[in-house]
K.L.:
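Here it is, the structure, as structure tokens.
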Amino acid sequence: MNKAKIINKSIALEDLTIDEALFLYNNFNLQELSIIANNIRFKKHPTKNVSWIIDRNINITNVCISQCLFCNFCRKPNNVDSYITTIEEYKEKIKELIEIGGNQILLQGGFNPKLDLEYYEQLFKELKNVFPILKLHALGPPEIVFLSKKSGISNKEVLARLQKAGLDSLPGAGAEILVDRVRSIVSPAKCSSQEWLSVMLDAFKLGMTTTATMMFGHLETIEERIMHILSIRDTQKLKPQNSKGFIAFIAWPFQSKNTRLNERYKIDNQVNSSEYIKMVAISRILLNNIDNIQASWLTVGNNTAKICLHAGANDLGSIMIEENVVASAGISNKLSKDDMERLIIDAGFTPVRRNQQYELMLIDRIDNN
Ligand code: SF4
């Protein structure tokens, strides 16, 4: 194996094998990886536009019987501070979002035994009824599998019913590392890697857009990170031609503060800035069939996010006017609309707002699109 061959294959957007990907990780320095990733980024997005969105995270509930070891957010059903968000609370939060120019909410929750498929159908219908311009980016493959088992119907039927009720796109939540050895330790009650990927494939077949994620820097090996990324690339290949499939990939580092993963396995935050940028660049190189690579400013901070824009990333996600999950593990980064634009300009790029489908909004207003 030699470096020239890997560079040529990468720039030609050819698939790298797992051995080639490991060679890339082990033998290229950060500058070399960034140059290759940036080359691919400009092939896919020839302008200096960097996209971002105004949206809001709303947590449906904090009750979750999954109890993943990295999660500080979840509560057991009988905890005194457990909650289910009320319809009045949703309305207030969505009004605030619309007032500042956003129209997408990221709805996330957990495995709350009291909430069944009918509950979510009713919720989505009601929110869409009150706010017709609203876009719902909600739940994730583990919750779909949970609802499927609870209701005794297939994952695809659950997705189809939620889509009919108003679900616009499926976040890549709950992926962590798509290797069952890792999942069996960090999130043993969640769906398997294969189930996660198969729910995404069902979503593709229903014409639903989805994203893919990776939470890394805990118990996984480098090879397992690469296996994760390649399984996303290979699933994307199976999407029907008229489906967008995975519209973006977002990686973020595990945040250890006060987690049971930290207590039990003594794992602190292991991913420094260079390692994060390296994984962003490698993701861009390996994911030759996914257009958008997002840098997670929320977890790595503005300075690292800026460098990621020179290492393959073309999107900075949302200004996140409310975020509770990462905040519960010790992260408190915040950005206003102006801060986001300034960050992108300071990095040498042009900020452009996008909609939920990653389409650039060249006119700065929210349409009913
Ligand atoms: S990460 Fe999600 S599924 Fe896991 S315990 Fe937390 S809320 Fe539940």
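Basis for what follows: all heavy atoms, side chains included, without hydrogens, waters or symmetry-related copies. Numbering of ligands and ligand atoms starts at 1, following listing order.
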K.L.:
As an exercise, identify every atom of ligand 1 less than 4.0 angstrom from a heavy atom of C68.
P.N.:
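What qualifies from ligand 1 is 1 (S), 3 (S), 4 (Fe), 5 (S).
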K.L.:
For a salt bridge (charged side-chain N to carboxylate O under 4.0 Å, His left out) check, start with the C-alpha distance between K244 and E359, then their side-chain angles and the critical distance, and finish with the verdict.
P.N.:
CA-CA 12 Å; K244 291 183 183 170; E359 293 157 347; 3.6 Å; yes
K.L.:
Decide whether the shortest distance between a heavy atom of A173 and an atom of ligand 1 is less than 4.0 Å.
P.N.:
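Outside the 4.0 Å threshold, so no.
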K.L.:
What are the atoms of ligand 1, with element, lying closer than 4.0 Å to any heavy atom of G109?
P.N.:
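With G109 as reference, the close atoms of ligand 1 come out as 7 (S).
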K.L.:
Verify the neighbour count for atom CD of E92: are there more than 12 heavy atoms of other residues, nucleotides or ligands below 6.0 Å?
P.N.:
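Not buried by this count: 12 neighbours or fewer within 6.0 Å.
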K.L.:
Heavy-atom contacts with K190 under 4.0 Å: which atoms of ligand 1 show up? List them by number with element.
P.N.:
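So the atoms of ligand 1 that pass are 1 (S), 3 (S), 4 (Fe).
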K.L.:
Can you tell which of R41, R284, K44 makes a side chain to side chain donor-acceptor pair (under 3.5 Å) with N314?
P.N.:
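By the side chain to side chain donor-acceptor pair (under 3.5 Å) criterion, N314 pairs with just one of R41, R284, K44: R284.
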K.L.:
Counting heavy atoms only, which part of C74 comes closer than 4.0 Å to ligand 1: side chain, backbone, both or neither?
P.N.:
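The side chain, only.
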K.L.:
Looking at K3, I want to see if its NZ is surrounded by more than 12 non-hydrogen atoms of other residues, nucleotides or ligands under 6.0 Å.
P.N.:
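For K3, atom NZ is crowded (more than 12 foreign heavy atoms under 6.0 Å).
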K.L.:
Applying a 4.0 Å heavy-atom criterion (strictly less than), which segment of Q67 is in contact with ligand 1: side chain, backbone, both, or neither?
P.N.:
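Backbone only; the side chain of Q67 stays clear of ligand 1.
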K.L.:
Kindly indicate, with the supporting measurements, whether the criterion side-chain hydrogen bond (donor to acceptor under 3.5 Å, both in side chains) is fulfilled by Q255 and T299.
P.N.:
CA-CA 8 Å; Q255 307 299 324; T299 51; 4.6 Å; no
